[in-house]
K.L.:
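Once you've had a glance at the structure underneath, I'll fire off some questions.
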Amino acid sequence: MTVLLALALGYTGLTCLALGMKRHHQELLGRKPTEARLRLFKAIGWLLLLATTAACLMLWPLGLALSMVPILVTLVGLPLIFLLPYRPALARHLAWALPLVAGGLAVGGLG
């Protein structure tokens with residue numbers, strides 16, 4: 001488990017939470033969402049943020065981990081805030097690519 005993986009999970013979680021909102025869902029995916037789809041994206045987003053917390057707990061002691069979670073989520077949220085209005089396709093592609101790359105680096109021993 002690496003910090004890069006925790007950052008990637010946090011970014012994907014925040015992107016899923018954005019997809020759980022009607023406006024961002026339509027901007028990112030180009031179609032009107034159903035209520036069930038919105039609830040699904042919200043649930044997945046919260047689970048991924050929980051996975052980010054678990055990753056931080058594996059990396060650091062309890063006190064440090066719980067203080068690092070909001071810091072990491074803030075760090076990954078800033079680029080997402082700028083990508084959503086200007087480059088929504090890039091934000092969407094990064095949401096699935098970042099965890100794959102970070103996971104591959106962690107398995108390969110580079111992260």
K.L.:
How many angstroms lie between OG1 in Thr12 and CG in Leu48, if you round to the nearest 0.5 Å?
P.N.:
6.5 Å
K.L.:
Do you know which two heavy atoms are closest between Ala102 and Ala8, and how far apart they sit?
P.N.:
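Scanning both residues completely, I find the closest heavy atoms to be CB-CB, 4.0 Å.
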K.L.:
For Leu66, which fellow cluster members are found when Ile, Leu, Val, Met, Phe, Trp and Tyr are connected by side-chain heavy-atom distances below 4.5 angstrom, either directly or through intermediates?
P.N.:
Leu57, Leu62
K.L.:
Which pair of non-hydrogen atoms, one from Gly103 and one from Leu5, has the smallest distance, and what is that distance?
P.N.:
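Residues Gly103 and Leu5, closest heavy atoms: N-CD1, 3.9 Å.
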K.L.:
Apply the test side-chain contact (heavy atoms from CB on, under 4.5 Å) to residues Gln26 and Arg31: give CA-CA distance (whole Å), side-chain angles for both, the deciding distance (0.1 Å), then the verdict.
P.N.:
CA-CA 5 Å; Gln26 194 162 359; Arg31 58 180 174 248; over 6 Å; no
K.L.:
Could you tell me which residues satisfy side-chain contact (heavy atoms from CB on, under 4.5 Å) with Lys42, sequence neighbours excluded, listed by chain and number?
P.N.:
none
K.L.:
In terms of hydrophobic clustering (I, L, V, M, F, W, Y; side-chain heavy atoms under 4.5 Å; direct or indirect links), are Trp96 and Val101 co-clustered?
P.N.:
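Unlinked, Trp96 and Val101 end up in two clusters.
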K.L.:
Begin with the C-alpha distance, continue with both residues' side-chain angles, and end with the deciding distance and a verdict on side-chain contact (heavy atoms from CB on, under 4.5 Å) for Leu7 and Thr2.
P.N.:
CA-CA 9 Å; Leu7 287 168; Thr2 66; over 6 Å; no
K.L.:
Looking at side-chain heavy atoms only, is the closest gap between Leu17 and Leu49 below 4.5 Å?
P.N.:
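Sidechains of Leu49 and Leu17: in contact.
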K.L.:
Salt bridge (charged side-chain N to carboxylate O under 4.0 Å, His left out) with Arg23: which residues, sequence neighbours excluded?
P.N.:
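For Arg23, the residues satisfying salt bridge (charged side-chain N to carboxylate O under 4.0 Å, His left out) (neighbours in sequence not counted) are Glu27.
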K.L.:
Tabulate below the donor-acceptor pairs under 3.5 Å that side-chain atoms of residues 80-92 make, not counting sequence neighbours, or state none.
P.N.:
residue, atom, partner, partner atom, Å
Arg92, NH1, Leu28, O, 2.4

K.L.:
Please go through Leu47's hydrophobic cluster and name the other residues, only I, L, V, M, F, W, Y counting, with side-chain heavy atoms under 4.5 Å joining them.
P.N.:
none
K.L.:
Report the distance from atom OG1 of Thr74 to atom CE of Met68, rounding to the nearest 0.5 Å.
P.N.:
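Going from the OG1 atom of Thr74 to the CE atom of Met68 covers 10.5 Å.
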K.L.:
Are the side chains of Leu14 and Val73 in contact, using a 4.5 Å heavy-atom criterion?
P.N.:
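In contact.
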K.L.:
In this structure, would Leu98 and Leu78 fall into the same cluster of hydrophobic residues linked by side-chain contacts under 4.5 Å?
P.N.:
no
K.L.:
Any ring pair (Phe, Tyr, Trp, His ring centres under 6.0 Å) pairs touching residues 20-74, not counting sequence neighbours?
P.N.:
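Qualifying pairs: His25-Phe41.
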K.L.:
Going by heavy atoms in the side chains, are Leu94 and Tyr11 under 4.5 Å from each other?
P.N.:
yes
K.L.:
Any sub-3.5 Å donor-acceptor pair from Ser67's side-chain atoms to Leu64's backbone N or O?
P.N.:
yes
K.L.:
Are any side-chain N or O atoms of Thr15 and backbone N or O atoms of Ala95, one a donor and one an acceptor, separated by less than 3.5 Å?
P.N.:
no
